[in-house]
Number of protein chains: 2
Amino acid sequence: MEPPAQSRRVTIVDVARHAQVSTTAVSKVLRNAYGASPAMREKVQRSIAELGYRPYAAARGLRGQTYTIGIMLPDIRNPFFPDIVDGVTDWFKDTDYQVLLGPGCNGEEAEARVTEAMVDRGMDGLILVAPVSPRSHLEHLANLVPTVVVGRHGHSPRYDTVADDDIAGAALIVRHLADLGHRRIAHIEHLETDPTRIAEMPNTQRSEGYRRAMRERGLADETDIVSTSYTQEGGYLGAQQLLARKRRPTAIFAGSDFVAMGVLEALAEAKLSVPEDISLTGYDNTSFAALRSISLTSVDQAGNDIGANAARLLLDRITERGRPTVQVKLSPTLIVRNSTAPAAR
Amino acid sequence: MEPPAQSRRVTIVDVARHAQVSTTAVSKVLRNAYGASPAMREKVQRSIAELGYRPYAAARGLRGQTYTIGIMLPDIRNPFFPDIVDGVTDWFKDTDYQVLLGPGCNGEEAEARVTEAMVDRGMDGLILVAPVSPRSHLEHLANLVPTVVVGRHGHSPRYDTVADDDIAGAALIVRHLADLGHRRIAHIEHLETDPTRIAEMPNTQRSEGYRRAMRERGLADETDIVSTSYTQEGGYLGAQQLLARKRRPTAIFAGSDFVAMGVLEALAEAKLSVPEDISLTGYDNTSFAALRSISLTSVDQAGNDIGANAARLLLDRITERGRPTVQVKLSPTLIVRNSTAPAAR
DNA sequence: CAGCTCGTGGGAAACGTTACCCATTCCATG
DNA sequence: CATGGAATGGGTAACGTTTCCCACGAGCTG
């Protein structure tokens, strides 16, 4: 019943012996490096297959690459992030790289722990999704290892960025609601206090986009923002505040789908129905929004494209570390569902 | 504008020089190993802090441990899995271990790719959540590296398992519905065809539990199972089949919350309301179920406990590889919400 | 005081892979 | 036929850490 004495891993040396060549030769074949004849390649490949050899990443790491890419996600629960991850993994699918995710990165401290751990493990590249760390830490990381920052505006000479145009996204919503005849359109935002990153966060961009679009439509006086947080709880509390106004809004633009879920709850408690009494929109087009019984108008960020772009930029930077940084900005699209309707006369 | 010449990492040699001791000594301090006086410990610790030294996991891996735990998740989108992950990461929080997730493991082939990659990276332990690979592959893996399998029944002399009692969970549902006066209780299951794993999968356990509980309540003749899949689509199609019956069920036990979402859709199309016309239950108690506008009666699996148990067993096995394997079975609880109501007379 | 043991510290050889550089062969060129 | 260069293959020293051992001295025991 004892497990068989754990057999030693097949190494490059075993392959070399089996194929009757040097370890150098095997290494060259593995990396498609220059200096190996087709005949030798063939011979080595056969030995590799026969022995079932697999390169040991830890050993490779000691000499350079580990062929591992790390993705830091602030929260696996947010259904928007898997799309990004899929975009990244798809891109790396046919390469030797393996993508690994760091879990539980809520908050600056946890974020630092995970990213440090990734550096310690010799990862070849990092994709940081919506990080909350200060810029200085991001740049520190980017100095150590090729890095792409996703979902955060602003640019750095150290890392590439990929983000969706949140200003445009907010405008899509406001225009849609205004076109339906709404004037009192309120917004629930995520309160951002940290001055070092305030301008870079998507949430502040969304509220800025809201403000601009309201102005553009001549609704500047109707601008009404409640600051809570991008959580269900935040939506619930925000909606309660809005419903307590003397002049209630006729439409609410929640900063994220999560927030909209909380708003729905508050509205249900107040016996108000959507969209008859109040129109509601979310942001991120998560799977919640698509549920038929919720059917929330939302903004789609094309998570797959975001991920794919991040992966592309990262691979570029791994190949050519010195190249100037790039900022990719993607355009969101509006998904109209049943939670928005013309304003009551 | 050029990044500063990438500074070399601080190594154990630098620390040794700075503290005026040997590298061996530093290594001992790092691992709390025997053979270092308190005085030396103190001296080395100070140097480590001063230089900001961090051990390089890749190099450690070459000689033994990498202090990395891999979790394989079949699908990040399933809101049930994050609870498990949280349970695991919480357990490892105060240790030197770092948990990393493998993404995109849908299907046997992808699963094998990810697990192989984890082995190649010298991970110290693996937690496989609801794997679909055949037992032989799981045992092969477990031979290479300590492994815990989560959410799959049956036991092996090679790996530990943690699972929720799905038979008991299904019984909770059936009893709840029967107590409400329902007799025609139908079940939508995930069709399992692979004979090698059929008895081990949670889905088959759930339908078995359903059958038994129906018998127990004297409702054997009302047993009505539709086989589709554990997806929203599967729920939609399954519900359509059930609604086409001559004698429609008065309650539907969907095998997972996802399935229930699809059922809701089909019911809405058929202009049937929940729970007035039909009672509906899910399984897994995902965040969907808790949404107020859905409010689905479901079974909670205590994902955190599952994760914590898996972590504990894994750490045990890393410390003592030879010990006999353990099977942990946890008890689910019923969460009653508004989607179930007494059967119409 | 000889012979042990115990506590403390270090030397050096791994671990598996890659990168640098050199050696050999072969062929084309003058 | 001598020379040069390209093509091919290999020797070997790293990379950063751990582990096995050995050395040294102090404090015991008989």
Side-chain angles (χ1 to χ4, degrees), chain A residues 6-45 47-48 51-68 96 119-124 144-145 318, chain B residues 6-45 47-48 51-68 96 119-124 144-145 318:
Chain A
Q6 201 176 335
S7 56
R8 211 175 42 78
R9 233 188 126 88
V10 178
T11 77
I12 206 174
V13 179
D14 302 320
V15 175
R17 193 161 33 221
H18 186 269
Q20 316 220 48
V21 296
S22 69
T23 59
T24 305
V26 179
S27 177
K28 282 176 181 169
V29 173
L30 283 175
R31 293 170 296 121
N32 282 313
Y34 174 85
S37 63
M40 190 179 76
R41 269 186 206 293
E42 225 269 319
K43 196 166 53 170
V44 171
Q45 299 281 21
S47 291
I48 288 179
L51 298 180
Y53 165 79
R54 299 181 55 91
Y56 190 56
R60 286 180 143 182
L62 212 49
R63 287 299 303 184
Q65 303 194 69
T66 55
Y67 298 92
T68 310
D96 287 337
V119 173
D120 292 344
R121 274 148 192 84
M123 296 201 172
D124 297 336
L144 297 174
V145 46
I318 288 173
Chain B
Q6 200 177 334
S7 57
R8 208 176 46 78
R9 233 188 125 86
V10 177
T11 76
I12 206 173
V13 180
D14 301 319
V15 176
R17 194 160 33 223
H18 185 269
Q20 316 221 49
V21 296
S22 69
T23 58
T24 305
V26 179
S27 177
K28 282 176 183 169
V29 172
L30 283 174
R31 295 170 297 119
N32 281 314
Y34 174 85
S37 62
M40 189 179 75
R41 268 185 209 294
E42 226 271 318
K43 194 165 57 172
V44 171
Q45 299 281 19
S47 292
I48 288 178
L51 298 179
Y53 164 78
R54 298 182 56 92
Y56 190 56
R60 285 181 142 182
L62 211 50
R63 286 299 301 185
Q65 303 194 68
T66 55
Y67 298 92
T68 310
D96 287 338
V119 173
D120 293 344
R121 274 145 192 86
M123 296 202 172
D124 297 336
L144 297 173
V145 46
I318 289 173

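The chains referred to below are lettered A, B, ... by the order of the sequence lines, with proteins before strands, and numbering in each begins at 1. Computed from a prediction, not measured in an experiment: that's the story for all the values here. No hydrogens, no waters, no symmetry mates; every other heavy atom, side chains included, goes into these values.
Listed by chain and residue number, Thr66(A), Leu100(A), Met123(A), Arg121(B) satisfy the side chain to side chain contact (heavy atoms under 4.5 Å, CB included) test with Thr68(A) (two or more places apart in sequence, or in another chain). For Thr23(A), there are no side chain to side chain donor-acceptor pair (under 3.5 Å) partners, not counting sequence neighbours. For Ser47(B), the side chain to side chain donor-acceptor pair (under 3.5 Å) test picks out His18(B), with sequence neighbours left out.
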If the sugar-phosphate is the primed atoms plus P, OP1 and OP2 and the base is the rest, what is the B/S/- string for nucleotides 16-24 of chain D, using protein heavy atoms under 4.0 Å? BBBB-----
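Where DNA chain C meets chain B (any atom under 4.0 Å from a heavy atom), the bounding nucleotides read 5' to 3' are dG7(C) to dG16(C).
At its two ends the helix from dC1(C)-dG30(D) to dG30(C)-dC1(D) runs along axes set 50° apart, each axis drawn from five pairs and the angle rounded to 10°.
Contact annotation for Ala58(A): no contact, since no heavy-atom pair falls under 4.0 Å across all strands.
A straight line from CZ of Arg41(A) to C1' of dG9(D) spans 12 Å, rounded to a whole angstrom. Rounded to whole angstrom, the span from the CD atom of Gln20(A) across to the C1' atom of dG10(D) amounts to 15 Å.
Closest approach of Asp124(A) to Gln65(A), counting heavy atoms only: OD1-CA, 3.4 Å.
For the salt bridge (Lys or Arg N to Asp or Glu O under 4.0 Å) condition, the pairs that include at least one residue of residues 10-30 of chain A, sequence neighbours left out, are Arg8(A)-Asp14(A), Asp14(A)-Arg17(A). Within the structure, every pair that satisfies the side-chain hydrogen bond (donor to acceptor under 3.5 Å, both in side chains) test and touches residues 51-61 of chain A, not counting sequence neighbours, is listed here: Arg54(A)-Glu116(B), Arg54(A)-Asp120(B).
Under the 4.5 Å side-chain criterion, counting only non-hydrogen atoms from C-beta, Arg31(B) is not in contact with Asp96(B).
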Would you tabulate the side-chain donor-acceptor contacts of residues 34-44 of chain A under 3.5 Å, counting partners in other chains and residues two or more places apart, or write 'none'?
from     : atom 1 : to       : atom 2 : distance (Å)
Ser37(A) : OG     : Met40(A) : N      : 3.2
Arg41(A) : NH2    : Ala33(A) : O      : 3.0
Glu42(A) : OE1    : Arg46(A) : NH1    : 2.8

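Here the CG atom belonging to Leu51(A) is positioned 12.0 Å from the CD1 atom belonging to Ile12(A), to the nearest 0.5 angstrom.
Checked options Val21(B), Thr11(B), Val13(B); the residue passing with Val26(B) is Val21(B) (criterion: side-chain contact (heavy atoms from CB on, under 4.5 Å)).
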